[in-house]
Amino acid sequence: MKRALWSASLVLAAGLSLPGFGARAQTPVAVTVRPAATPAVVVSKHIYGHFAEHLGRCIYDGFWADSALNVPKQGRLRLDVVRALQKIRVPNLRWPGGCFADAYHWRDGVGPTAQRPRGLNIWWGDVVEDNSFGTHEFLELCRLLGTEPYLAANVGSGTVQEMAGWMEYLNSSADTPLTRQRAQNGHPAPYGVTLWGIGNESWGCGGNMTAEYYTDVYKRYATFAHNYPGSPPLRRIVSGANGDDAHWTETCMKNIPLNMMWGLTLHQYTLPTGSWTGSKGPTTGFGEAEYFNTLRNCLKMEAVVTRHAAIMDKYDPEKKVALLVDEWGVWTDVEPGTNPGFLYQQNSLRDALVAGTTLNIFNNHADRVRGANLAQAVNVLQALILTEREKMLLTPTYHVFDLYQVHQDATLLPLDFTSPDYVLNGEKIPALNASASRDQRGAVHISLVNLDPQKTLQLTTSLPGVAWQTVTGRILTSASVADYNTFARPNTVQPTAFKGARKRGGQLAVALPPRSVVVLELR
Ligand code: AHR
């Protein structure tokens, strides 16, 4: 574990305080937890979705181990990885890409493994794809995880017929050559896969299309995305905008009839430097300026989601179409010495603060944001899990998904507060972000993120209309925002019990430590 130079020791030397140890008095932040809206807004569990692409070591070496590897396995599926993901309740898993999806031909990945053709992964390092992990293996992984599969159909280099055949293969119960093939391959019953992305980044690696052209293509594909008798109806998903590309969203909403789409996507990554050209910034060993910039860039998600949601509202005031941020997360330079095409990066407390902040934004926009997929689950970008041969570690980001799972399918409780600023070099961002929900048992959960690396925030929270007696909580923090878990020291950053909240009369008083994610439960 490395520490950035501005770690806890310097903080102490500067006379500043550490969490829970005589924190300097701050102006209290007044927070109000408002009653649920009418009708209630539900925080869709699908906001907590994940993404597994044939990219680097996500599938191969991540989920799908070498037969000789000495880890618990079912076939070649790594059960240590599966068990860790079961614990955080993954609601959906997106596959096979990403850019890879628009070069993927599903027929190459079914049938006896030895007969599957080998191909090249043109997007990610030109490595050989042996197709040993295909449709059945992915759906078995989903079954083990108890998660819904979210498939991305190949629009960029595929055909309508190829996509329609995949759907028939998976969902039809009629006696056809394709369903016989499915049965021969071990699955007589239809799978009933309903979440279907029609292309991926069609403005870029999915075909470099204009929005106008793509919407015509989308309608052609969506027409043949058939609902098979006995199988639940498909949720057809439009490949959406890159970041703040409002024209793409506007064109999709204008040109595609609402009844032809269940969802529209958006991809928005957080780059520490904010630039796709040159260095994106290191994942570890960064200084405070890089930390500040990363969080400032992450907070752009609020404006981006607000902008796309407003466009959608114009065409769909009843909010029938879901906005799905089906790729998000921190994207840094790769770890030194690793294949640049594999996008392998470490994951620090900074990533956890990005995750907590982003999930708070999604929760607070749950009226429109009804799905999201962190990029990606294992060994790629802002991963939940890193593996090295038989070793496995849980990243700080994993722990945020663990803490936040309480929000899945809970009722959103809107919050009012004015955040203090976190100021660096004359620039400022809001130090505090939060979201709250009430679960089906009546427990209220409040997730709080303090981005300020040095100051404790004193919160005084009123909850009109909420009857509660006890408060408990968990916290994720560390001595430095640059701290991370290694295979040698996998528990450097992990959640612990939080003791900084108490009931004061009818109010909830919280001393929210610097650089922390806290989730409280009120009963
Ligand atoms: O997540 C990595 C890549 O980022 C995906 O393949 C692509 O959709 C996006 O550009």
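First listed ligand is number 1; within each ligand, the first listed atom is number 1. Heavy-atom basis, side chains included; hydrogens, waters and symmetry copies ignored. Everything quoted here is computed from the prediction, not taken from an experiment.
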Any heavy-atom pair between the side chains of [Y] and [X] that's under 4.5 Å?
{"X": "Asp351", "Y": "Thr395", "value": "no"}
{"X": "Leu451", "Y": "Ile429", "value": "yes"}
{"X": "Lys320", "Y": "Trp262", "value": "no"}
{"X": "Ser437", "Y": "His407", "value": "yes"}

Among all protein heavy atoms, pick out the one at the shortest distance from [atom]; state its residue, atom name and that distance to 0.1 Å.
{"atom": "atom 10 (O) of ligand 1", "result": "Glu201 OE1, 2.7 Å"}
{"atom": "atom 1 (O) of ligand 1", "result": "Tyr269 OH, 2.8 Å"}
{"atom": "atom 6 (O) of ligand 1", "result": "Glu53 OE1, 2.7 Å"}
{"atom": "atom 7 (C) of ligand 1", "result": "Glu327 OE1, 3.3 Å"}

Can you tell which part of Trp331 has a heavy atom less than 4.0 Å from ligand 1: side chain, backbone, both or neither?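 Trp331 to ligand 1: side-chain contact only, backbone stays beyond 4.0 Å.
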Hey, is Trp328 touching ligand 1 through its side chain, its backbone, both or neither, going by heavy atoms under 4.0 Å?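 Under 4.0 Å from ligand 1, Trp328 contributes no heavy atoms.
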I need the single residue from Phe63, Trp196, Tyr104 that forms a ring-ring contact (aromatic ring centres under 6.0 Å, His included) with Trp95. Which is it?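 One option only clears the test, and that one is Tyr104.
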Is any side-chain N of the basic residue among Lys300 and Asp244 closer than 4.0 Å to the acidic one's carboxylate O?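 Looking at Asp244 together with Lys300, the answer is no, because their closest N to O distance does not fall below 4.0 Å.
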Under 4.0 angstrom from ligand 1, any heavy atom of Trp123?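 The answer is no, since Trp123 has no heavy atom less than 4.0 Å from ligand 1.
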Give a yes/no verdict on whether any heavy atom in Phe51 is under 4.0 Å from an atom of ligand 1.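 Phe51 counts as a contact of ligand 1 under the 4.0 Å cut-off.
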Mark up the atoms of ligand 1 that fall under 4.0 Å of a heavy atom belonging to [X], in ascending order.
{"X": "Leu381", "result": "1 (O), 2 (C)"}
{"X": "Asn200", "result": "8 (O)"}
{"X": "Gln376", "result": "1 (O), 2 (C)"}
{"X": "Cys99", "result": "5 (C), 6 (O), 7 (C), 8 (O)"}

Nearest 0.5 Å, please: how far is CZ in Phe362 from OG1 in Thr357?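 CZ of Phe362 is found 11.0 Å from OG1 of Thr357.
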So, Phe401 versus His50, ring centres under 6.0 angstrom or not?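 Centroid separation for Phe401 and His50: below 6.0 Å.
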Anything under 30° is parallel, anything over 60° is perpendicular, the rest tilted; go ahead and classify Trp166 against Trp106.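 The rings of Trp166 and Trp106 lie parallel, inter-plane angle below 30°.
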Mind checking whether Gly98 has an N or O less than 3.5 Å away from an N or O of ligand 1?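 No, there is no polar N/O contact under 3.5 Å.
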